[in-house]
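One structure below.
Residues: numbered from 1 along the sequence shown.
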Amino acid sequence: MRFFAYSRFAVLFVGAVSLTLSGCDLAPNYKVPHYIYPNGWAGKGIMSNAKPADSVPRGKWWKLLGDPTLNQLEEKMLASNPDLQAASEVFTQARDLAKESESQLYPQLTASGKMSKNKASEGRIFHRNNNDSIVYESNEAYSGAATWEPDFWNSIRNSTRLQKNLAQASAADYALTRLSLQAELASDYVALRAIDAQLSVYDDSVRYFRAAVEITRLRQGGAIGAGLDVSRAENQLYAALAAQDRLQASRQVMEHAIAVLLNTVPAAFHINPIKDSHMHFGVIAIKAGVPSTLLERRPDIAIAERHMAAASRAIGVSRAAFYPHITFSANGGFEDGGFDLASISKAFWSIAVQAVEPVFTGGLRRAALQRAWSQYRESVDNYRSVVLSAFGDVEDSLSQTKLYHQEQLHQHQAVEAALSTQAMTMALYTGGLSNYLDALVAQQDALEARLQEVVAQSSQLQATIRLIRALGGGWQVSDMPKIKDIDPFGPLQYENLDRPKDVADIKTKPEENVNNLSASVQTAHKP
């Protein structure tokens with residue numbers, strides 16, 4: 001009965017103290033910052049303070065480019081890229097660290113049992129040579145123990161929230177990795193198709209240059225043209241063929257880069273080229289006005305903000321070290337030299353309360369608290385830096401998309417003028433009204449103008465992809481897992497622990513079925 005009386009007293013005492021101190025949170029009052037703009041910025045110029053624009057792409061933004069092959073490559077990359085899967089596992093580990101910290105909020109229960117049969121040596125000291133000497137001995141014991149440290153100063157809760165904030169940052173890092181890979185694949189694919197377009201330009205020019213060589217040879221054979229014209233025409237032809245070979249090498253390297261993103265052996269991957277001197281992609285129109293919620297659309301900003309929140313919790317943990325840590329423990333069981341454990345007289349138990357308060361640590365706790373405050377201020381500075389970089393990224397991309405589009409229009413006009421000059425100078429040369437040098441210069445100008453037109457179009461597309469990435473690719477802070485969703489398994493779950501339960505926006509299980517690539521993408525050895 002005395003055991004139950006002590007137990008009741010301990011429970012009442014713990015409950016009373018817990019109710020009194022449950023609100024003793026020593027972490028500073030943290031609020032998520034909103035709408036922090038650079039000093040002196042007033043929402044003018046290219047960027048403007050506006051509501052979220054409907055033109056900002058969301059979700060599978062690459063589909064706006066209107067290329068079925070790119071769509072299928074992106075789906076395969078999301079399902080099989082090893083870097084993305086590794087980022088998912090990092091998030092899983094962060095969730096488990098949070099769960100480990102949270103487990104300290106609950107009593108820790110242990111159970112033990114032992115059975116032994118012992119024989120004493122007859123040659124031991126003080127052995128008595130009579131039948132009363134104890135030679136054999138048996139022992140059995142079964143016991144249980146419980147320890148619990150009430151979180152009076154919210155040290156464990158703050159440590160748990162800290163780890164969950166870091167897990168949220170890890171989830172945002174997964175989103176950032178995914179967005180970076182999506183943009184990298186789209187950028188590489190656009191570059192690949194730009195090379196295809198340039199190769200097609202070279203094909204047209206090589207046919208034209210071959211015809212020019214034949215014309216100069218015919219004129220030389222008719223004694224109306226010089227041998228110098230033939231050598232100049234041949235030099236132009238072979239230089240174009242050499243440049244075409246270099247472009248082919250660049251194309252294969254770009255194919256290899258795409259294969260690596262798709263977790264495919266480069267030697268067994270090939271994307272059929274498109275024989276067209278123009279790049280046929282959909283036009284993605286994004287308004288100049290930037291959403292005022294830009295800070296909530298960038299995963300890197302979310303990462304910095306969650307690290308800032310975690311740093312504020314670390315201050316609470318450091319503060320709690322200045323207060324006593326109180327631990328309650330209880331253990332009990334049965335022990336007997338034989339097998340008679342049913343008797344209450346064979347029971348043993350103990351109840352203890354321990355309070356530990358470091359009296360002098362040579363400044364250890366003060367140094368830890370000062371370091372926690374410094375780390376918090378560092379995280380604030382890092383957050384501001386990331387925000388400024390985000391605005392810079394958007395400004396750069398908006399400027400480029402606008403001006404590159406104008407460059408593309410002007411370059412197209414330059415191509416039309418160069419092709420017209422090429423046709424006129426060749427006609428004059430064929431009619432004997434001009435020398436071949438004029439025709440040669442016109443051919444070089446026409447080739448260069450056409451190549452630059454492809455470069456201008458590719459640059460405009462690349463800038464658009466960078467703008468979409470700078471705007472977060474449609475990601476929002478609401479896509480980040482909530483604190484309540486961080487726990488990787490249920491409180492009484494003991495099965496299927498090899499993978500945690502899924503949370504929104506992150507799949508911890510790899511896709512089993514990957515869409516087959518269309519006929520334009522072959523996983524066979526290159527010819």
As an exercise, state the distance from [atom1] of [X] to [atom2] of [Y], rounded to the nearest 0.5 Å.
X	Y	atom1	atom2	result
I465	D188	CD1	CG	9.0 Å
L166	R161	CG	CZ	12.5 Å
E395	L467	CD	CG	11.0 Å
T464	Q460	OG1	CD	4.0 Å

| message | Checking S379 now: which residues fulfil side-chain hydrogen bond (donor to acceptor under 3.5 Å, both in side chains) with it, not counting sequence neighbours? | response |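 Partners of S379 by the side-chain hydrogen bond (donor to acceptor under 3.5 Å, both in side chains) criterion come out as none, since no residue qualifies.
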| Looking at residues at least two apart in the chain, or sitting in another chain, which of them share a side-chain hydrogen bond (donor to acceptor under 3.5 Å, both in side chains) with R306? |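 Per chain and number, R306 pairs via side-chain hydrogen bond (donor to acceptor under 3.5 Å, both in side chains) with Q168.
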So for atom [atom1], which belongs to [X], do other residues, nucleotides or ligands contribute more than 12 heavy atoms lying within a distance under 6.0 Å?
X	atom1	answer
F322	CZ	yes
H325	NE2	yes
Q493	CD	yes

Report yes or no: does [X] contribute a side-chain atom to a donor-acceptor pair with the main-chain N or O of [Y] at less than 3.5 Å?
X	Y	result
S103	E100	yes
R157	D151	yes
W153	P324	yes
S80	L262	yes
S389	S385	yes
E255	I271	yes
D479	Q476	yes

Checking side-chain polar atoms at under 3.5 Å, does [X] have a donor or acceptor matched by the opposite partner on [Y]?
X	Y	value
Q462	S187	yes
S180	R469	yes
Y174	R178	no
N139	N118	no

| request: Would you check if Q72 and K76 make a side-chain contact, meaning some heavy-atom pair closer than 4.5 Å? | output: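 Not in contact.
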| task | Please name the residue in the list K164, K484, R95 that meets the salt bridge (Lys or Arg N to Asp or Glu O under 4.0 Å) test with E102. | result |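 Only match with E102 under salt bridge (Lys or Arg N to Asp or Glu O under 4.0 Å): K164.
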| Are K501 and F489 in a cation-pi setup, meaning NZ or CZ lies under 6.0 angstrom from the ring centre and within 45 degrees of the ring axis? |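 The answer is no, since K501 fails at least one limit relative to F489.
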